[in-house]
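Atoms within a ligand are numbered from 1 in the order they appear, just like the ligands themselves.
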Amino acid sequence: MRSGLVIAIAMIMLCGSAVVVDAADVQDFAAVERGHYLADAADCGSCHTVPGSNHPFSGGRPIETPFGILVAPNITSDRETGIGDWTDDEFDAAVRGGRSRNGARLYPAMPFPYYSRMSRQDVMDIRAYLDTIQPVRHAVQVNRLPFPLNLRISMIAWDALYFKPEEFHPDTSKSNDWNRGAYLTLGPGHCGACHTPKTFLGGDKPSDALRGYTLQGWTAPGITSGKGPLADWSIADIEVYLRTGHNRYAAAAGLMSEVVKLSTSKMTNDDVKAIATYLKDTSGPAAQSSAPDKNVVSAGAAIYQDLCAACHRRDGKGVPGLFPDLAETATVKTRDPTTVLRVILQGAQSVSTGPEPTGPAMPGFGWQLNDAQIAAVATYVRDHFGKAPPVSESDARKARSDEAARTD
Ligand code: HEC
Ligand code: HEC
Ligand code: HEC
């Protein structure tokens, strides 16, 4: 039946609407379309594909976790090395239940706690789509964690503590838009995987949902509204950011530029608006500040005028759509300086999407400024534009050595 479906799709692509297909295949085609859309929204391809490879979903991409490296497996329909032989129940148990085929527990680097908010139908549609992808024979050795974390048995405790599988249930007191946005944000979009603070075991802290977290050398800032970092962003500002990777305030770097490119830029305008509607209804705390050293701030201000103001302007407002407004980006306001330091040290290339193929770039200054100067300009930018706490010389030194140790 599956190969029949593939042939039907190939024929539809070849012959346009002239082909007569039977009702079951038309239904399957709709399922494949829905599954394709959901797989993008859930960003399955990003982890399960080696960047730049011609073999989508064939696995092999290393995923950095707080415990060590895991490698995403092959989820093409190859029977030996992929999921071709799996039953629908087994596939569903993996995606929503965090169980591999033999019942072993998966590590939460696979975001199943979020995916458990999808319905079984959603997961079956994703499978229908994966079945149309060319099967690739590629055996992946997933687990490169140190002992005892390499023992999947250690996940029993994790699941008991942090995994509460629950399908999304709409809140009838809210609008349809809000509910659609909540489903996408908390479910397939797994925004909290990066944006929600974690316990030392890597489980979400639900009371701090979406209030910001640092992973893989990037700060995913808080994306709450209320008094939180998105307080001044309108629904339209969030929409433009998720569709294009930048807006009048900010530009997506690093991990988020990949999320925009592979996932949110492929969502419908209605869905992106729904996410924005939901985020604008969240509440979060305002960033707190502690006063930095005046001499450091004035040294930082001088470096800023010299090296940064040409693009970001003296007032930090930048140029809408080109150079981010440093006073409005959560990256600058957030307590954790990881991303600000990383961007100043190595520069940043903004995302390019279909409608906007060339994104503006920022040069790195790591070769030009010493640790004290990096700390000073980061302190100035954070204090002046973000009311965020100062950055020390040792923070800068650490960021530089973390940077040198990275391979991505
Ligand atoms: C953030 C990275 C990430 C994303 C996004 C992701 N996965 Fe995974 N996935 C992994 C990793 C890592 C594993 C291996 C976990 C383990 O072995 O404990 C995995 C395991 C799996 C498995 C089990 C395969 C096996 O051989 O045991 C399936 C099936 C799967 N993913 C499907 C999906 C689907 C479908 C999506 C999108 C809805 C998705 N994944 C999104 C990282 C990811
Ligand atoms: C793989 C990790 C990851 C995932 C998943 C992710 N984000 Fe992000 N996000 C980031 C990082 C890192 C940044 C900071 C980017 C920067 O510094 O330019 C960010 C920035 C943002 C910003 C801009 C904040 C600002 O003030 O600059 C918004 C809005 C946002 N993300 C929304 C979302 C939404 C909505 C989702 C889910 C659909 C999502 N993110 C999923 C990592 C992630
Ligand atoms: C040639 C123009 C240019 C110069 C000079 C420049 N920047 Fe940038 N800056 C950019 C662009 C473009 C981005 C957005 C890149 C992206 O999308 O990731 C950016 C991003 C940033 C961000 C992250 C903002 C966000 O939304 O996450 C910070 C912080 C920053 N710059 C600070 C500085 C500092 C400090 C200096 C001087 C040491 C500087 N920039 C010099 C163009 C520039």
Could you tell me whether [X] approaches ligand 3 through its side chain, its backbone, both or neither, with non-hydrogen atoms closer than 4.0 Å?
X	value
S257	neither
A361	backbone
H246	neither
L326	side chain

Is the shortest side-chain heavy-atom distance between F385 and K333 below 4.5 Å?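 Counting from C-beta outward, F385 and K333 never come under 4.5 Å.
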Compare all side-chain heavy atoms of T338 with those of K398 and state whether any distance is below 4.5 angstrom.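 They are not in contact (no side-chain heavy atoms under 4.5 Å apart), so the answer is no.
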Can you find an N/O atom of L242 closer than 3.5 Å to an N/O atom of ligand 2?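 By distance alone, the answer is no.
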Is the closest N or O pair between W233 and ligand 2 shorter than 3.5 Å?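 No, since none of the N or O atoms of W233 sits under 3.5 Å from an N or O of ligand 2.
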Carboxylate-amine/guanidinium contact R248 D237, below 4.0 Å: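 Counted as a salt bridge, because a side-chain N and a carboxylate O are separated by less than 4.0 Å.
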Name each N or O atom in ligand 1 that is under 3.5 Å from a protein N or O, and give the partner atom and the distance.
residue: ligand 1; atom: 7 (N); partner: H48; partner atom: NE2; Å: 2.8
residue: ligand 1; atom: 9 (N); partner: H48; partner atom: NE2; Å: 2.9
residue: ligand 1; atom: 17 (O); partner: R152; partner atom: NH1; Å: 3.3
residue: ligand 1; atom: 17 (O); partner: R152; partner atom: NH2; Å: 2.8
residue: ligand 1; atom: 18 (O); partner: Y107; partner atom: N; Å: 2.7
residue: ligand 1; atom: 18 (O); partner: R152; partner atom: NH1; Å: 2.7
residue: ligand 1; atom: 27 (O); partner: S100; partner atom: OG; Å: 2.8
residue: ligand 1; atom: 31 (N); partner: H48; partner atom: NE2; Å: 3.0
residue: ligand 1; atom: 40 (N); partner: H48; partner atom: NE2; Å: 2.8

Using a 4.0 Å cut-off to any heavy atom of [X], which atoms of ligand 2 qualify?
X	value
I275	35 (C)
A250	27 (O)
T219	11 (C), 12 (C), 13 (C), 14 (C)

Could a heavy atom of [X] be found less than 4.0 Å from some atom of ligand 2?
X	value
G254	no
A251	yes
T329	yes

Taking both backbone and side-chain atoms of Y249, is any N or O found less than 3.5 Å from an N or O belonging to ligand 3?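 For ligand 3, there is no N or O atom that lies under 3.5 Å from one belonging to Y249.
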Atom CG in L38, atom CG in D122: separation rounded to 0.5 Å?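 Between L38 CG and D122 CG, I get 5.0 Å after rounding to 0.5 Å.
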